[in-house]
Amino acid sequence: MTVVTRFAPSPTGYLHIGGARTALFNWLFAKHHGGKYLLRIEDTDRARSTPEAVDAILDGLGWLGLDWDGETVFQFARAPHHAAVARGLLETGHAYRCFATPEELEAMRADQKAKGQPMRYDGRWRDRPASDWPDRPYVVRLKAPTEGQTVVHDLVQGDVTVDNAQMDDMVLLRADGTPTYMLSVVVDDHDMGVTHVIRGDDHLTNAFRQTQLYRAFGWEPPQFGHIPLIHGPDGAKLSKRHGALGVDAYRDMGYLPEALRNYLLRLGWSHGDEEIISTEQAIAWFDVDTIGRSPSRMDFAKLANVNGHYLRAADDQRLVAMVVERLGPVDEAGQARLLAGMAGLKQRAKTVVELAESAAFYVKPRPLVLDTKATAVMAGPNRRLLQPIVACLHAVTDWQAASLEAAIRALAEAEGVKLGDAAQPLRAAVTGSTVSPPVFEVLAVLGRDEALGRLADALG
RNA sequence: GUCCCCAUCGUCUAGAGGCCUAGGACACCAGCCUUUCACGUUGGUGACGCGGGUUCGAAUCCCGCUGGGGACGCCA
């Protein structure tokens, strides 16, 4: 049997980090087994679904590189079919009409809560004859078994059992005739041939209800795999403050999609002691039996570290493009400098944001504005070395990092100072900062004219 | 309240009865490297929630407790 997985987000907001991981796991699982990974937009909640959210989700998945097979399915378009299927259940006696009003049910729940009883629909219309039916709208409920147990053989959690007495008769069709989520998921998953439903832990109890529905239809339920949720750094539910951001926010914060994929993969899944795992390797290794069962927390420090790995491995030209995007218009000469300096730049950054900040000096116009620490260096005793440094540099004919370094080393020795004493004021003058890639590399990337020009500016 | 799930360093995790004086990674601390900052590297601090069983032997199995989380909608 060919594996078919799906990711089924509801377009009521952006694609958040938990959803991204769910998508990733489904994608990896399908790839690993040579199956298909489908995308279905669950837009049946007309009041809350928006086209902007649909775009945000599609963009997010695209950025993450989680391409799906076939056409995107929009659930709402299939509503008439869902309704028809549910009415079929009415015919077979697996469902019934419930005329209870929302107000009535609300009162029922309030009463149950007050008495400390479980809050469940009490089945008041379950066995009423047609002669009792009033002339008003009704919902269609599943006639769920009241005895015995329902078992979900969960791929991640193992066998999970619940007494049928614990579950009430769920609504399949609303009073306006539209299908509910429970109905739509089951019908769509069945029609789409989904074999494995990998989703968040919060759906575990839904799996019981859905299993009952599958039985009512006479269909074989898919394999379920409920993965633990991701919590915020404080252990509480993910909130906007700390992680429940759209993946676009992660892009803005300067994370690379491959880094986010790797980080998310390690949240709840492992392969021995492996940490940096390429997507190819992940496809080869990934399976549900190695998914953990306990919830995990979002750790930005670790994400940053992983991102650093991928940043260092990333193609220089690609990084230049990302940096230019953040720095604004950069002329050709500037882009050439960024490219030449990228190797030294990228190993010092954890995010593209940091990368852009540290790269800015390469393209800033003269005269450079020195930061606080650089200004302090220039005001210090080693400033006196600047004059001889400039003279020394002027004499260098072969403007290469190695030659430049040799010249300054010789100068430092002649002056009786450490190399660092000469390097820092030089760095401050050409970068405007006390922190940068190796200063001789910077000099080489800048080129003779620009470098000497900046030094002239500093000498004022 | 009812039901369900979970429980190893601060965090992510390895661990499928003896290989565990519990391993790795991030973070943190100290050293090395070094023209700054990083990278790299060496070492260090640091965990099996508690209590009962089962067993010759338990982080690993069972039970209880505690603590987290989730679900109880004519939302998805």
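Note that these values count all heavy atoms, side chains included, but never hydrogens, waters or copies made by symmetry. Lettering follows sequence order; numbering is per chain, from 1.
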query: What is the base-pairing partner of B:rA76, counting Watson-Crick and G-U wobble geometry with both distances under 3.5 Å?
result: none
- request: Counting Watson-Crick and G-U wobble pairs only, both distances under 3.5 Å, name the nucleotide matched with B:rC28, or none.
  value: B:rG44
Watson-Crick or G-U wobble mate for B:rC33, both contacts under 3.5 Å: none
query: In whole Å, what separates the C1' atom of B:rC72 from that of B:rG15?
result: 36 Å
message: A:F29: which residues meet the ring-ring contact (aromatic ring centres under 6.0 Å, His included) condition with it, sequence neighbours left out?
response: A:H33, A:H196
message: Would the distance check show the side chain of A:N382 and the main-chain N or O of A:V377 forming a donor-acceptor pair, the cut-off being under 3.5 Å?
response: no
message: Under 3.5 Å, is there any donor-acceptor pair linking the side chain of A:K302 to the base of B:rA25?
response: yes
A:P118 side-chain proximity, nearest of B:rU2, B:rC5, B:rA27: B:rU2
- prompt: Who is the Watson-Crick or G-U wobble partner of B:rA16, with both distances under 3.5 Å?
  reply: none
message: Quick check: A:F286 with A:F25 (ring centres under 6.0 Å apart)?
response: yes
message: Minimum heavy-atom separation for A:R209 and A:M170, please, with both atom names.
response: O-CE, 3.0 Å
- prompt: A:T205 side chain: which of B:rC74, B:rA76, B:rA71 is closest?
  reply: B:rA71
query: Aromatic ring centroids of A:W68 and A:Y37 under 6.0 Å?
result: no
Under 3.5 Å side-chain donor-acceptor pair for A:R427 and A:S436: yes
message: Does the structure show a Watson-Crick or G-U wobble partner for B:rA59, both distances under 3.5 Å? Name it, or say none.
response: none
- prompt: Would a distance-only check, ignoring hydrogens and angles, find a side-chain to backbone donor-acceptor pair under 3.5 Å from A:S270 to A:G272?
  reply: no
message: Within the 4.0 Å limit for protein heavy atoms, which parts of nucleotides 13-23 of chain B are touched? Write it as a string from 5' to 3', B for base, S for sugar-phosphate only, - for none.
response: SS--------B
task: Go ahead and name the base partner of B:rA7; Watson-Crick or wobble counts if both distances stay under 3.5 Å, otherwise write none.
output: B:rU66
- request: Determine, for nucleotides 28-45 of chain B in 5'-to-3' order, which nucleotides have protein heavy atoms under 4.0 Å from the base (write B), from only the sugar-phosphate (write S), or from neither (write -).
  value: -------BBBBSS-----
- prompt: Which of these nucleotides, B:rG73, B:rG70, B:rA76, is closest to any side-chain atom of A:D202?
  reply: B:rG70
message: Here's one to test your reading of the geometry: is the NZ or CZ of A:R97 within 45 degrees of the ring axis of A:Y138 and under 6.0 Å from its centre?
response: yes
message: Could you check whether atom CZ of A:R293 has more than 12 heavy atoms from other residues, nucleotides or ligands sitting under 6.0 Å from it?
response: no
